[in-house]
Structure formats: C-alpha cells, structure tokens
Amino acid sequence: MPVSYCELELRIEWRDMERYEVTVRFNDPTRDLESDLIPATEVNINCAELSLQESDSDAYGACLTRMLFGGPDSRVRRAFERARNTVQGGGGGLRVRLAIQRSAKDLHALRWETLRDPSDGTRLLMHDQLWFSRFLSSQDFRFRPAPERSRLQALIVIADPTDQVTRWGLASIDRQVEKRRANLAFESAQTQNGFRVNRTTLAEPATVVNIVRKLRELKPDILYIVCHGMLTREGDPRLLLEDDEQRGRLADGEDLVQRLKGMTERPRVIIMASCESAGDAAGGMLAAIGPRLVFSGVPAVIAMQGKISVESLGVFMPAFLVELAATGQIDQAMAVARSAIADRPDWWMPTLFMRLKIGRIWQSSAPVTQDFQKWRALALDIQYGECVPVLGPGLIEGLLGSTRDVARQWAERYEFPLAPRDRDDLAQVAQYLAYHQSKRFAIEELRRELVALIRDSYQDELQHIAETTSVDWRTGDVNVGQLDKLISALGKEMRQKDPRDPHKLLATLPFKIFINANRDNLLRDALIEQGKTPQVCLCTWIVSNGVPHVFGDPLPQIFTPSDMQPLIFQVFGNLEYPASLVLTEDDYFEFLIAVTRNEKDREVSVPPVVWQELTLSGLLLLGFQPDDWDFRVLLRGILKQNGAALARDRTRVAVQLSPIEGRILHPDRAIRYIQKYFNWHFQPQGEIETFWASPREFIEKLVQHYPDDGNGGGA
C-alpha cells in the first residue's frame, strides 16, 4: 500500500456579513510535518450574486472560483497551486477536504462541486488525481472499519408509494427497474474487481421503522436508498417513504438521523439516490439530510444537491462502485464517477460528505491470502501439535462489539477528563471508573453494556433461544454471574446459523493448547460441540498476603494436552468469574508483576505445560493490534520466552486487520511500522509473517488448506 497522495484542507470560518476566513493546511504523508500554507486569510463570498448564476453551472463555478481563489496574486490561489505542483512533481494524487465550520452555515448550500481550475478555467473536480469531499466533524467517536473488502453487505431500499403520482404529483418510481439498476451497479464492480457484496432489498413497505429494523438485523456496510425527496417551505428535508399500506408518507429526515444515531453499528456508506437529499440553495446544506447523517456519526454519505436525472444516476453509480471496489477510497471513487457524467448538465449534483480525514472505507488491496506462502508449513506444525493459537479481541468484535466503543461510551457518560486520544482506551477509562467509584462498579458497567448490546443487536436470536429453551434473555436482570451464560447461549445460536463461525472452525483443528486473551467461553463451547473435552485454566495473577487466588477448577496433577482434550489458558480472566477479570491499568500492571516475579511464581501463575509449548512451538496470533493493552502485556509477560529460539523452525503468523481510518492517522505508514514491530519483538525466535486480513478470513483459508496440505483432520 504505497503512499500515493497528499492532503490539502481548506477550512472556512465566518467573520461577519459576507466576509470569511480561509486557512489552508497541507500534509505530505511521507513527511512528519504538517504545513500551514497560509494562516487565516479573508475572502468575500457573495451568496446573493451566486444565486443569480444557478441556471448555468459553469458560470456559477467560475463565479465561486473567483470568490474563493481570487486573482493570480491571491494567497489562497498561490497556496493551492503550490500544493498541486508538489503533488504533480511526485506523480501522486491530491486529496482536497473542504471543511466549512458551523459558524459559516450559509456556505453549506453552495455548489462547491462546480469549482473551476483557477489557472486555466477547466472544471476542477474532473481530474482523476484530485479527490474532493466536504469534511464534517462529528461528536460521535465511533467508527467500525470493514476488515474484509470481499465480504460486504448492502441494503437496498426503494420507496415506490402507490399514490406518488395521484396525490403527490411526482414521477413514478419503478421498483423492479431501480432494483435491477442497483444490482447491475454492484455486479459491475464485482465483475471488474472481485468485489463481492451480499445484497438485500427491503421487501416490506419502506417505512422508517422497517428500514431501521432491517439495518439492525443485517448491519450492512452500504445503505442504498432510492426515493423522492423534498424540502418544506421552512427548508426542512423530507423523504417520501411509505406507510404500512405502501401509501406515500413524508418522513422527517431528523427521524432517520436520530434512529441511526442510536444504533451501535451504522452503515459505513449511505447512498441517497433521491432528489434534493443534499438540500438546495434555498434550503441550505446544513439543514439537509446528507450532512445531518454525517454529524450523527455516519462515516460517509453521498447525496444529491438537486433533481439529478435517472440517466445520470445510471452512469454515475456503476462508475462509482467499480472505483470504490478497486481502491477503497471513497473520495477518489467520486472523482472518477463524476468524470463519467461530465457531459451531462447535472454532473455536479452528486455530493460527498465525510467525517473521515483520509477517506479509506475498507482495505483496498487484493486479498492477501493469495500472497501467503506458508500454508503448508503452518498446516504441518498444526498436524504435529507444534503451533499455539493465541486468540485476541478481533476474533469476537463481530459478535460483541469493540472495547473501544465501550470505552468511548463510558468516557462520555462519566465525563472522562483525559485527552480525547485516550477515550477509546478501555483500560484507562476503566481505571478512571475504578478510582471514581470502584472496580466492581466498572465490572458492573461492562455487564450492562454487553447485555444492552446483545439485546439491541440480536433480538431475533434471543427470541429463538426463548422459543427453544426455557430461558428468555430478552427481559429481566442479567447479573454478573449470568452474563457468561447469556454470551454462551448467543454463541451457540450463532454457530448453528453460521457454518464458518471462527470458533467453530478453530475447534475442528487438532490444536493441543489455546491461549485465549478474551474473557468469554465461546471457544470452550465450540470444542465441546466437536466432541472434545477441553480443560480451562485461568491465569493466577491476584495474590493477597502471599496467597494466590485461584479461580475455576485446577488442572489435574498429571495432565498432557491433546487434540481431544485440549487446554484453554485464559490469560486475562473469565466472565464466569468476574473477580478474575483484568480490566483496569492497575490490573495489567499487577498481572505483569505476577507472571514475571520469579520462576516459582511464574509456574503458579501460568501452567508449566504452557511455558513448555511456547518455548517449542510456533505461534498463530489472531486479531491483535500492537497498541492494545492485551497484546502489549501478553507479549511482555508470556509470549516472549528466553528459550524460544528452540522453535526458530516453527511458523509464526500475526493475523492483522488492515489499519484503517478511525484508529490510525496514516494507515500506509502504520502497516510498515506494524510489520517491523512484530519482527523486532520476535527476532530471537525468527521472523513472524504478517497476514493482512481478518481472523475469520484467515481461519477459513487455514481450514481449507489443512486437509490438503497437512494431511490431517480439519473441517
């Protein structure tokens, strides 16, 4: 993933009347410095004068360009040309972010997409190497990057009210035609780029309730809405959706925004193929639905500034999806798609609103599984029982959400006082709660958070559990001791529905020892379902007055792990025993002291058989990030062994999610850093292979290769 672009941000703030200030900042990812090309510089933008040019998009763009960039000696123009020349000299692209502050709300209604090149007067945003977006900040910290580009889900919503012509006086929307058009757009991307999207079309009437219910059920990456839109006399946006009888019903855009805002997992991209969904000159961009969705926390929204033609949409959408599939960069895809309709009068109407600084929606490279060369070696190590899988947070985030999301919610709820960059660190925020209240309070909050998430996200699954068992988890209190049972019941339901569940697949392989850095029993349950008898052992890290606190059943005195009787070593505790949980920063420090104190205490904390296997075997790290507390403490306390050079011939693999925006400032540089990080720390044991994919994708490939290359069991 080579760095191939630079970033230019134009930030506009209101001063008074029609006077505004523009600040231009430039960033070259190959350098560590970010340059202020110009400080705050006054510009005059006359909205009334622009409104006189609305019938001619080219004249409008020329007028707006003159107001923003000024003459040849303008500081804003010189700064822009300097940035573009720097990029052209290096052969890369220029990402332009227009950040209009809320104080300058009148500017949101302007047609910035019509800007001209200040040097030659051509349409500025028709250049493939210039990627433009309207950048809007959000107070919502959550962003769930898609780890698997080839496994995406789209929900298609088509509102075709039976009375839209007779009552509303609007052109009819042909549901079948629009469905076919949307599917062809997605299929064109798949044909050219191997970009697979599972598509679901809403079969029920397109009510807000039905749309939100389907979003909760599918958790799609892309929401594609086709409907009529309009603005009221007051400038409030409305969508013409449907009621339960499929008659037309105006839906308040704010209603949809608020419902999405309350969801744990929102779409990464919302495409609104509805006229005026981005507002118009009279209504104002800030009040329209597209920007509001971004303010509420949706990463990227594509909306239309006016009544875009069906023909233009039919060309724009396939071009956009093909490019997005190839690059993962949504602003770059917009530039290519806009060029595809350059000869149409409504070419400027598609508008991209983003809260992402870099614009990467999902990892863009071809599946790395094709480049991984050590399937045979890894399968052989597993066959001979010389590989230890280490399960990290990435293995369960798809089911129980991210600890970073939990941390952000706690930080907001309890007014966490430290810097914003620490708000997604669960150990730090839990430490604050422990000091402010108690550790028991932090554990109780974790229970409440997980129960609420499960009940909100898995309503159908919980209903099925209630129908097939005597336990109804949908209502009533779920105390700390019962949380593990709830997660186990949900895990069983999900494994029955999903034959490629990662725990289910791992349980089919002949591993003798598992190191589980998660706090659940999903792996134990999956092993039992495979007819195995796992032994679970918790790390003994709590010591009072020299006496270690042992949680759970001790291992038999004479115990040799095997394929059919594997050992699960729970490193950081287990939800079945809440007091065992390593949760706060103090817990992690005490854990490190407990497992590194001396050789005798190390054997009390960690079973000798685990030390032995780590010394002699290869490693399979599944779903860790180097900046996570779990990984750093696990690495320092357990994984790095003095005698581990004995296992230099064994295979070591770190399965890494691609570092995507929302967590990493510069993903391309982060990838190089992470590769060096792993090899640096595991250098005595030999190099570690870094596999860029999700744990789920890797495990699926591993199970496919194991029977062929390892000559062993497998699925």
Side-chain angles (χ1 to χ4, degrees), residues 53-61 64 109-116 122-128 130-134 154 156-160 164 170-189 192 222-231 237 239-240 269-281 283 285 288-291 300-325 330-353:
Q53 308 292 339
E54 287 183 357
S55 60
D56 186 340
S57 61
D58 288 337
Y60 186 103
L64 183 58
L110 302 184
R111 301 173 181 177
W112 295 100
E113 286 69 22
T114 64
L115 281 171
R116 318 292 286 187
T122 59
R123 293 173 179 174
L124 183 62
L125 305 190
M126 288 300 177
H127 299 286
D128 289 349
L130 194 150
W131 312 328
F132 177 81
S133 65
R134 303 192 186 200
I156 300 172
V157 176
I158 302 169
D160 178 29
Q164 61 186 327
L170 297 170
S172 177
I173 295 176
D174 190 316
R175 185 183 300 270
Q176 294 305 317
V177 170
E178 293 299 333
K179 179 180 178 180
R180 185 163 56 251
R181 193 193 312 275
N183 281 318
L184 285 174
F186 284 110
E187 288 168 6
S188 64
Q192 296 191 36
I222 302 171
L223 171 60
Y224 185 102
I225 301 179
V226 180
C227 68
H228 283 297
M230 59 186 67
L231 294 170
L239 296 178
L240 183 60
V269 181
I270 295 181
I271 301 171
M272 306 188 73
S274 58
C275 61
E276 298 183 5
S277 60
D280 62 7
M285 287 288 185
I289 299 171
V301 176
I302 296 173
M304 306 303 147
Q305 297 182 63
K307 296 179 175 64
I308 190 169
S309 68
V310 172
E311 293 77 15
S312 293
L313 267 181
V315 175
F316 177 87
M317 288 313 307
F320 168 76
L321 289 172
V322 167
E323 186 66 20
L324 184 62
I330 192 167
D331 48 357
Q332 181 178 355
M334 285 290 294
V336 172
R338 190 176 287 115
S339 297
I341 58 172
D343 59 343
R344 298 177 180 272
D346 49 5
W347 62 270
W348 53 272
M349 289 187 182
T351 306
L352 172 62
F353 302 97

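Computation of the quantities below employed the complete heavy-atom set of this structure, encompassing side-chain atoms and omitting hydrogens, waters and symmetry-equivalent molecules. Model, not experiment: these values are computed from the prediction.
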Hey, does Ser133 have a side-chain heavy atom less than 4.5 Å from the side chain of Met334? no
Should Met304 and Met272 count as side-chain neighbours, where that means a heavy-atom distance under 4.5 Å? no
Would a distance-only check, ignoring hydrogens and angles, find a side-chain to backbone donor-acceptor pair under 3.5 Å from Arg111 to Glu54? yes
Answer yes or no: is there a side-chain heavy-atom contact under 4.5 Å between Leu64 and Trp112? yes
Residues at least two apart in sequence or cross-chain that pass side-chain contact (heavy atoms from CB on, under 4.5 Å) with Ser55, listed by chain then number, are none
On a heavy-atom basis, the closest approach of Gln332 and Glu323 is NE2-OE2, 3.4 Å
Between Phe186 and Ile156, what is the shortest heavy-atom contact and its length? CE1-CD1, 4.3 Å
Within the 4.5 Å heavy-atom criterion, are Phe316 and Ile308 side-chain neighbours or not? no
Within a strict 4.5 Å, meaning less than it, do heavy atoms of the Ile330 and Phe320 side chains meet? yes
Can you measure from CD1 (Ile302) to CG (Leu324) and round to the nearest 0.5 angstrom? 7.5 Å
Any side-chain heavy atom of Thr351 within less than 4.5 Å of one from Glu113? yes
For Arg116, all residues meeting side-chain contact (heavy atoms from CB on, under 4.5 Å), sequence neighbours excluded: Asp58, Ala62, Thr65, Arg123
How would you list, by chain and number, every residue that makes a salt bridge (Lys or Arg N to Asp or Glu O under 4.0 Å) with Arg344, sequence neighbours excluded? none
Distance check, rounded to the nearest 0.5 Å: Ile271 atom CD1 versus Ile222 atom CD1? 5.5 Å
The single option from Asp331, Leu125, Leu352 passing side-chain contact (heavy atoms from CB on, under 4.5 Å) against Phe132: Leu125
Less than 4.5 Å apart, side chain to side chain, heavy atoms only: is that true for Leu240 and Cys227? no
Can you confirm whether Asp160 sits close enough to Glu178 that some side-chain heavy atom of one is under 4.5 Å from a side-chain heavy atom of the other? no
